[in-house]
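Below is one structure, written out as structure tokens, with a few remarks after it.
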Amino acid sequence: MTRSVVAVTGATGYLGSLFMSAFVDADYDVVALTRREPSATPHVSWRAYELGATPPRDTFEGVDVLVHAAWDLGNSDAQESWARNVGGSRRLLDAAREAGVARVVFVSSMSAYFGTRQTYGISKLAVERTVLDGHGVVVRPGLVYGDNAGGMAGTLTKIASLPVWPKFGRSALFLAHSDDVATGMVSLVENYDDFAGRVVGFAHAERVDLTTILASFAPHGKRHPTVPVPASLVMSALRLVEATGASLPFRSDSLLGLVRATDVLPGQDLLANANIRFRPLAP
Amino acid sequence: MDVVIVGSGPSAAAVCLAFKDRRDVTLTVLDLGAELESERVASRATLASQEPGSFDAAALAHLSTPPRPETPGALPRKQIYGSNFPFDDLGQLRGVRANNDANDLVVSGAYGGFSNTWGAQVMPYSTGTFRTWPLTRDDLEPHYRAILAHIPYSGESDDLEETFPLLGTPDHLPKVSERTQRVLDRYTAHRIDVRRHGVVAGHARLALRGSKCRLCGLCMTGCPYELIYSASQTFDELRREGRITYHAGVRVHRVENTGGGTRVLATSVNGGGTQEFKADKVFLCAGAIGTTRIVAGSLGLHDTTITLEESAQFVMPFVSLRPVKHLTQDGEFTLNQFNLFVSFDDDGKDASLVHCYPYNNIMKESLPSIAAHRALAPFTERGLRHLTVGLGYLPSWASPKPEIRLGGVPRDGELPDITVSTRENPRTAQMLSLVTQRLRRAGRALDLFPIPTQTTLSGAAKSYHFGGSFPHAADSPTERSSDLLGRVDGLPNVHLVDASVFPTVPATTFTLTIMANAHRIATRVADGVGL
């Protein structure tokens, strides 16, 4: 039987590599669309692609599915970042459509909700509209945790090892285990028609407060004392440092995502119908 | 198949385009057909043969006298080439009355209809708009593309594409004004700050031959080179090709079902008895209110009220802290140059669109005469260098509702009398206030602040973005709704194809969707789909 071919952008990133492995395990051939060639893996081939650039003509040759997970968070210049991420994503999506790729999944973010104030969320939201109008699917993963978690979960794991934890008001997040996100993506692609043109939140339906998250991420699951921290003060301090051009492990924009997180998880009916489930956070 | 088309505005042009290559179809167009006066045509030809710097002064004065507003500060009625011909009454306005400040000039008798004097904006509707329609944007997309491929089309790739895709390859816009460039540059530099307030800025998209523009500054009073699209251009082309039979001076008042086809009854505007035309299919393209009167008369509707949907218009002046260097329309194009899209949801349904215009002489003419006094003129000029005029729209669900009260049974050969009035909508003030608030918050980033208390809402039916008298409905048509082919109950071979069939009228640009929907219906009729 011919194996379906899924192209994954950002395939060497945290989420992208999870998707790549899950698709290979599910008998897909994967085309990694990345700047650098990934390490050799059976059923994985490589085509050079850099977000922001116009995709080479043969990028989507033989490709059935595009999972667009690439995003560049490293550029501090807002105009360049927009051009690279939003403009680049639009070019990629146009190229996929012109090449006749029938199934397109965009990996967005829980920060991308209408009314968001996060730069990251606003940028992702700008791409979402293009995806949805082209009958693609938008996946908004919650805070993805699991082995070797990156991004926000990685940062929170580090904070969890501190003797005292910060407490930012009533901040609470949706969470998703990395294994569920990966297998969920495969299931979604396999039930694509049910999801076309829709936004789905990849997370367990219950929001979890920050202290409980930190306790779960702490080495022995032990709660540490918490100190209320005025988010606005920390935000201002982070912005001041960012204004000097310094690169921080935790950006003011990420803090905004933590303290002003969405309380809406879209598309849960669709996920239930496709039997895509997310485990609750283990205590 | 014999097809009769009533009217020559954009929807009529779209119907003709859909049938153009169907050689088994005869096309007869019945039109009132008022045209620009011959002496003005001559003056236009004179200017068209010259370059802007060396225009003949008499011809220029003849064509470009700015219209005067009825009251100072109000929006004057737009003239074209110094003429009011799109508003002339060839009998189509007889029996039309308006209450209070409602508009009574609601049906054009012009060859090309109101597209002789429109703002030339062409964007598709957002996908969100179709949430309450029995159609989707996908249904219209091929027709948007077909229309945009036919008409002149200029625009740029920018953030508005997220909600309003280009759907084709537009020509570039002409060089924009200093103010426009500054606002768009500031938007690019402060995009996230502006978008946090739900505001997106982008270039205008216009039915204009942008690359041919000579920057003579006369867009608002009539392009001497005829680079702005009017539906009359399509009809000129079709007549030259001999593809249509065009009857001017004909006022249609009734359509009747004859079993296998339809009889169209009309009178000559120059007097004479009733004329009769027979057709297999009739397309009513007389503009939303013109079509409504024909249908109401044909169905025997009288002494009743029909509620319309209108996207209400407001005038919003903006002030910028930094003035522009020069205050002139010379060397500029003066149509809308940039848009501010203010949205309250993520798919562009609940939204307002503000078209922003650079300086043009009409702005100065609209000021109270004291502002032109020699002693005050320098201050007036200084003030104008900070000014941008926005023409904004609210969606119909947040706008006052125009109502058409139908009179008694019309006399033979006449259309039903109507009175246009308006019903308040409590959401109007609320939404206008929210739009103003968002634009004010985005003002610092753009250096473009709405002037407090100076936003004014236009009267009923003055936006010319109205329709919805016989809205498309998914189920069987009734006397007050149409099926997806624009047919009302009792007139199976008559297709309403103008905005009379729009279920709602969003705040975004209007005419392109009218044309696309008319093209969709005509294409389906030509293909025999859904009949």
Side-chain angles (χ1 to χ4, degrees), chain A residues 54 75-91 93-94 97-98 106 108-109 111-136 138 140 196-199 201 239 242 251-253 256-257 260 262 264 266-267, chain B residues 123-131 135-142 144-145 156-169 184-202 341-351 434 437-438 441-442 445 508:
Chain A
T54 301
N75 199 328
S76 58
D77 182 288
Q79 287 186 47
E80 283 177 19
S81 175
W82 185 275
R84 186 177 177 81
N85 287 307
V86 180
S89 293
R90 213 173 279 154
R91 275 194 290 281
L93 294 164
D94 284 347
R97 194 187 59 237
E98 280 164 23
F106 172 55
S108 183
S109 160
S111 308
Y113 59 92
F114 187 76
T116 183
R117 298 186 65 77
Q118 257 189 289
T119 301
Y120 181 57
I122 288 170
S123 309
K124 285 276 189 181
L125 204 57
V127 179
E128 283 192 3
R129 193 71 262 140
T130 308
V131 175
L132 295 170
D133 283 355
H135 303 287
V138 169
R140 294 180 184 165
R198 297 288 297 269
V199 180
R239 281 181 182 150
E242 284 163 1
R251 295 168 303 120
S252 59
D253 201 49
L256 196 58
R260 293 192 55 161
T262 182
V264 176
Chain B
M123 292 201 296
Y125 279 175
S126 66
T127 45
T129 295
F130 295 95
R131 265 194 269 144
L135 298 169
T136 66
R137 191 165 76 187
D138 286 348
D139 293 325
L140 284 185
E141 183 169 332
Y144 278 131
R145 289 182 184 278
E156 304 294 336
S157 177
D158 55 32
D159 285 6
L160 291 174
E161 265 184 273
E162 287 157 29
T163 311
F164 310 104
L166 288 172
L167 300 176
T169 311
L184 293 177
D185 286 349
R186 288 184 70 97
Y187 173 75
T188 305
H190 305 288
R191 174 186 270 120
I192 297 293
D193 287 342
V194 176
R195 293 180 69 122
R196 276 193 183 118
H197 302 296
V199 177
V200 173
F341 179 60
V342 186
S343 60
F344 297 89
D345 60 19
D346 57 6
D347 63 359
K349 177 178 183 284
D350 272 313
L434 287 171
Q437 185 187 71
R438 290 197 175 201
R441 287 177 177 165
T508 47

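No experiment lies behind these values; they were computed from the predicted model shown. Convention: sequence-line order gives letters A, B, ...; per-chain numbering from 1.
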*If you round to the nearest 0.5 Å, how far is CG of B:Asp346 from CD of A:Glu128?*
7.5 Å

*Is it the side chain or the backbone of A:Ala78 that comes within 4.5 Å of chain B heavy atoms, both, or neither?*
neither

*Atom OG1 of A:Thr130 and atom CD of B:Glu161: how far apart are they, to the nearest 0.5 Å?*
8.0 Å

*asked:* Counting only non-hydrogen atoms closer than 4.5 Å, does B:Ser157 touch chain A with its backbone (N, CA, C, O), its side chain (CB onward), both, or neither?
replied: neither

*Rounded to the nearest 0.5 Å, how far apart are OG1 of B:Thr127 and NE2 of A:His135?*
9.5 Å

*asked:* Applying side chain to side chain contact (heavy atoms under 4.5 Å, CB included) to A:Leu125 and B:Arg195, what does each step give before you reach the verdict?
replied: CA-CA 11 Å; A:Leu125 204 57; B:Arg195 293 180 69 122; over 6 Å; no

*Identify which of B:Ile192, B:Thr163, B:Val200, B:Asp193 forms the greatest number of heavy-atom pairs closer than 4.5 Å to chain A.*
B:Ile192

*Of the backbone (N, CA, C, O) and the side chain (C-beta and beyond), which part of B:Arg191 lies under 4.5 Å from a heavy atom of chain A, both, or neither?*
side chain

*Could you tell me which portion of B:Asp347 (side chain, backbone, both or neither) has an atom closer than 4.5 angstrom to a non-hydrogen atom of chain A?*
both

*Go through the steps to decide whether A:Thr119 and B:Arg196 satisfy the test side chain to side chain contact (heavy atoms under 4.5 Å, CB included), and finish with yes or no.*
CA-CA 9 Å; A:Thr119 301; B:Arg196 276 193 183 118; 3.4 Å; yes

*Check A:Arg90 against B:Asp158 and note the closest heavy-atom contact, atom names and distance.*
NH1-O, 4.1 Å

*Can B:Thr188 and A:Trp82 be said to form a side chain to side chain contact (heavy atoms under 4.5 Å, CB included), step by step?*
CA-CA 9 Å; B:Thr188 305; A:Trp82 185 275; over 6 Å; no

